Amino acid sequence: MDPWTHPHPPRDGEGGLRRLAVLGAGPVGLDAALAARASGFRLRVYEAAPVPAGHVRAWGHVRLFTPWEMNVSHRMRQGLQEAGKPLRVDEKAQPTGHELVDRVMDPLWRLSGLRESLHTRTEVVAVGRQGTLKHEEIGGGRRLHRPFRILLQGGDGREWVEYADVVLDCTGTWGNPNTLGDGGIPAPGERQLDDRIQRMIPELPRERNVWGGKTILLAGAGHSAQTAARALSELAESVPDTRVLWLLRSEDLSLGAVENDPLPGRRELTRRASALVQGASPAIQALPGRVVDALCPVGKEVEVRLARRDGARETIRVDRILSLTGGVGDHQLYRQLQVHECYATSGPMTLAAALLGGGEADCLNQESHGAEALSNPEPSFYLLGDKSYGRNNTFLLRTGWEQVDEIFGAMD
Ligand SMILES: Cc1cc2nc3c(=O)[nH]c(=O)nc-3n(C[C@H](O)[C@H](O)[C@H](O)COP(=O)(O)OP(=O)(O)OC[C@H]3O[C@@H](n4cnc5c(N)ncnc54)[C@H](O)[C@@H]3O)c2cc1C
């Protein structure tokens with residue numbers, strides 16, 4: 001009997017093992033899978049992309065600002081030894097996303113016990129509890145007796161259900177980018193223009209023909225927008241007429257720079273980006289204190305109406321739009337579960353409160369908040385990784401490794 005397709009498989013022999021489902025084969029999903037393997041769970045990992053690490057591969061051309069020593073967990077290092085591919089790198093150097101996948105993630109997914117558990121082209125559509133709804137059996141342990149019911153969709157569109165006793169949602173935020181319009185909601189016209197708005201960092205110089213010689217609206221102020229601004233300014237040096245109108249919601253042009261930043265990669269990025277908003281490149285014009293009010297296609301161009309806080313409006317015309325305004329995890333996935341979300345950040349409440357208590361602390365100074373902060377009223381359901389931080393964009397991989405330690409420590 002396949003224990004994943006029966007809500008209550010027989011408890012004899014291997015059937016007695018608890019079924020642990022990891023949603024998403026990103027770095028944190030991988031670390032959780034390694035921990036589950038070591039803890040003797042029956043394991044299944046669902047990944048929507050055709051190969052693991054779908055999100056990291058999509059931004060694989062970007063260099064991380066944290067060094068190798070922070071980007072690989074102790075479980076991953078052990079796994080690489082076991083795979084006969086110990087990590088030999090300059091620990092202080094920063095890998096690109098592709099290097100992280102090639103050197104660490106791909107070899108680990110080939111390990112026995114992980115390889116068989118991984119189901120790619122398998123999107124998790126929704127997770128509920130068998131025979132019960134969100135508002136039922138509140139706050140008691142009774143929900144534990146009802147397995148999770150997971151609706152899956154294969155690459156061919158086929159749908160089916162599997163069951164699990166523990167679910168770790170590691171689906172990240174990258175796949176759910178925020179929209180461009182003021183107030184975090186789409187601007188009028190934005191949804192119709194969706195296929196003309198790019199929401200990921202361009203791969204330059206490979207996409208030179210796409211961006212070179214164009215007038216580009218770049219929206220966002222975080223590290224992704226800063227990375228894109230730096231790359232586009234370099235492109236403009238070799239392709240004249242490349243022009244970037246860099247839209248920043250805030251009047252503050254400090255771009256979140258950390259004083260005496262100990263991470264050289266991040267320090268250099270914010271230094272260069274700050275210079276760019278202050279006019280260091282003739283190709284880049286900063287438009288601070290403005291938001292997108294409306295979008296309208298005009299032939300191959302887009303007319304963008306901008307608004308200032310005092311209500312004043314202005315209109316610009318651009319060839320391309322690059323919206324790098326962050327993202328938040330897919331909360332619809334667990335809408336039938338008793339997840340207590342923070343009304344401000346959408347992260348799980350206890351963790352969100354701990355993070356908000358830390359104020360605007362730099363991500364490097366964040367401390368782990370313990371297994372208690374990761375638990376929520378729904379027993380045996382945890383949000384881990386980037387998604388656990390909700391709208392807070394200070395998540396670091398290193399925190400993900402700590403979360404996995406804490407959750408598995410608490411489940412032993
Ligand atoms: C450009 C960029 C640079 C970054 N640089 C750094 C850095 O330098 N240092 C650092 O510590 N952090 C960095 N981060 C932040 C963070 O560490 C990464 O986003 C990291 O990839 C988060 O890992 P994760 O496993 O939580 O989620 P993800 O890597 O987002 O993985 C989620 C996985 O779930 C899959 N998935 C999504 N939805 C579903 C579904 N419904 N069903 C099945 N599978 C699904 C995805 O395909 C993906 O493989 C960066 C982020 C970005 C975007």
Side-chain angles (χ1 to χ4, degrees), residues 21-33 44-73 76 93-101 104-105 109 118-127 150-155 162 167-177 199-203 220 222-228 231 263-266 269 324-334 362-364 366 382-390 392-404:
V22 175
L23 320 186
V28 179
L30 169 59
D31 198 42
R44 201 155 262 200
V45 183
Y46 304 112
E47 166 62 42
V51 278
H55 288 171
V56 176
R57 281 177 215 268
W59 55 262
H61 53 286
V62 178
R63 195 164 290 286
L64 281 86
F65 56 77
T66 48
W68 279 110
E69 62 186 356
M70 289 174 63
N71 300 332
V72 185
S73 73
M76 292 173 165
Q94 306 151 232
T96 63
H98 285 317
E99 285 164 354
L100 189 64
V101 171
V104 177
M105 301 183 70
W109 282 118
L118 175 65
H119 293 250
T120 54
R121 289 185 205 277
T122 306
E123 181 187 344
V124 179
V125 181
V127 186
I150 308 173
L151 175 62
L152 301 164
Q153 181 170 19
E162 295 191 2
V167 171
L168 309 182
D169 181 350
C170 309
T171 53
T173 63
W174 189 88
N176 283 286
R199 301 186 194 269
M200 63 173 88
I201 301 172
E203 185 173 353
H223 291 131
S224 292
Q226 294 175 29
T227 303
L263 293 176
R266 190 175 60 176
L269 175 62
L324 298 172
T325 51
V328 66
D330 175 6
H331 302 265
Q332 288 299 315
L333 207 117
Y334 53 75
D362 176 31
C363 46
L364 271 186
Q366 301 242 348
Y382 301 95
L383 289 158
L384 300 183
D386 202 13
K387 188 169 184 175
S388 70
Y389 268 42
N392 183 319
N393 63 3
T394 60
F395 176 79
L396 287 183
L397 289 168
R398 191 179 65 177
T399 310
W401 321 146
E402 289 169 1
Q403 291 181 339
V404 173

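By convention here, the first residue in the shown sequence is residue 1. Every number for a ligand or one of its atoms is a count from 1 in the order of the listing. Since the model is a prediction, treat every value here as computed from it, not as a measurement.
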* Can you tell me if Leu23 has a non-hydrogen atom under 4.0 Å from ligand 1? -> no
* Please determine, by modelled atom types, if Glu162 and Tyr46 share a side-chain donor-acceptor pair under 3.5 angstrom. => yes
* Candidate with minimal heavy-atom separation from atom 37 (C) of ligand 1, of Thr171, Asp386, Ile201 -> Thr171
* Can you pull out the closest protein heavy atom to atom 35 (C) of ligand 1? Residue, atom name and distance to 0.1 Å, please. => Glu47 OE1, 3.4 Å
* With a 4.5 Å heavy-atom cut-off, do Val28 and Asp386 have their side chains touching? -> no
* Does the side chain of Leu396 come within less than 4.5 Å of Met70's, by heavy atoms? -> yes
* Structure fact -> Among non-hydrogen protein atoms, atom 11 (O) of ligand 1 lies closest to Leu397 N, 2.8 Å
* **Numbered atoms and elements of ligand 1 in range of Val56, under 4.0 angstrom, heavy atoms** => 21 (O), 29 (O)
* **Working for side-chain hydrogen bond (donor to acceptor under 3.5 Å, both in side chains), residues Ser388 and Gln403** => CA-CA 10 Å; Ser388 70; Gln403 291 181 339; 3.0 Å; yes
* Which atoms from ligand 1 have a heavy atom of Gly24 less than 4.0 Å away? -> 33 (C), 34 (O), 35 (C), 44 (N)
* Asked: Hey, what's the ring geometry for His98 with His61, parallel, tilted or perpendicular (30° and 60° as the breaks)?
  -> tilted
* Could you give me the CA-CA distance, side-chain angles and deciding distance for Val51 and Trp109, then say whether side chain to side chain contact (heavy atoms under 4.5 Å, CB included) is met? => CA-CA 10 Å; Val51 278; Trp109 282 118; over 6 Å; no
* Consider only side-chain N and O atoms of Thr122 and Glu47, and report whether a donor and an acceptor are under 3.5 Å apart. => no
* Donor-acceptor pair between Thr171 and Lys387 side chains, under 3.5 angstrom -> yes
* **Enumerated ligand 1 atoms positioned under 4.0 Å from heavy atoms of Gly172** => 27 (O), 30 (O), 32 (C)
* Report the member of Thr66, Val62, Val22, Ile150 with the shortest heavy-atom distance to atom 9 (N) of ligand 1. => Thr66
* Taking only heavy atoms of Gly385, which atoms of ligand 1 are found under 4.0 Å from at least one of them? -> 26 (O)
* Asked: Taking only heavy atoms of Gly54, which atoms of ligand 1 are found under 4.0 Å from at least one of them?
  -> 47 (O), 49 (O)
* Structure fact -> The protein heavy atom nearest to atom 16 (C) of ligand 1 is Phe395 CD2, 3.9 Å
* To do: State if Pro27 counts as touching ligand 1 under the rule of any non-hydrogen atom under 4.0 Å.
  => yes
* **Test item: Pro27 and Val56 side chains (from C-beta on) under 4.5 Å apart, heavy atoms** => yes
* Structure fact -> heavy-atom search around atom 32 (C) of ligand 1 in the protein gives Cys170 O, 3.3 Å
* Asked: Can Gly400 be said to touch ligand 1, with heavy atoms closer than 4.0 Å?
  -> no
* **Test item, Thr122 contacting ligand 1 (heavy atom, 4.0 angstrom)** => yes
* Determine whether Pro95 and Asn71 make a side-chain contact, defined as any pair of heavy atoms from C-beta on separated by less than 4.5 Å. => yes
* Right, does atom 14 (N) of ligand 1 have protein non-hydrogen atoms nearer than 4.0 Å? -> no
* To do: Could you tell me which non-hydrogen atom of Gly329 sits nearest to which non-hydrogen atom of Asn176, and how far apart they are?
  => C-ND2, 4.0 Å
* Leu333 heavy atoms, cut-off 4.0 Å: which ligand 1 atoms fall inside? -> 41 (N)
* Looking at Trp174, which atoms of ligand 1 are within less than 4.0 Å of one of its heavy atoms? -> 53 (C)
* Asked: So between Trp401, Trp59, Phe65, Tyr46, whose heavy atom ends up nearest atom 18 (C) of ligand 1?
  -> Trp59
* Heavy-atom side-chain contact between Leu64 and Thr96 under 4.5 Å -> no
* Side-chain touch Tyr382/Val167, heavy atoms, less than 4.5 angstrom -> no
* **Heavy-atom protein contact below 4.0 Å for atom 45 (C) of ligand 1** => yes
* Which atoms of ligand 1 are found less than 4.0 Å from any heavy atom of Gly26? -> 25 (O), 31 (O), 33 (C), 49 (O)
* Would you say His223 and Leu269 make side-chain contact, with heavy atoms under 4.5 Å? -> yes
* Identify the protein heavy atom lying closest to atom 41 (N) of ligand 1, giving its residue, its atom name and the separation to 0.1 Å. => Val124 O, 3.0 Å
* Asked: When you measure from atom 25 (O) of ligand 1 to every protein heavy atom, which one gives the shortest distance, and what is it?
  -> Val28 N, 3.0 Å
* Structure fact -> atom 30 (O) of ligand 1 sits nearest the protein heavy atom His55 ND1, 2.7 Å
* Any side-chain heavy-atom pair from Thr173 and Phe395 closer than 4.5 angstrom? -> no
* Looking at ligand 1, does Leu30 have a heavy atom less than 4.0 Å from it? -> no
* To do: Look at atom 43 (C) of ligand 1 and find which of Ala48, Gly329, Pro52, Pro67 reaches it with the closest heavy atom.
  => Ala48
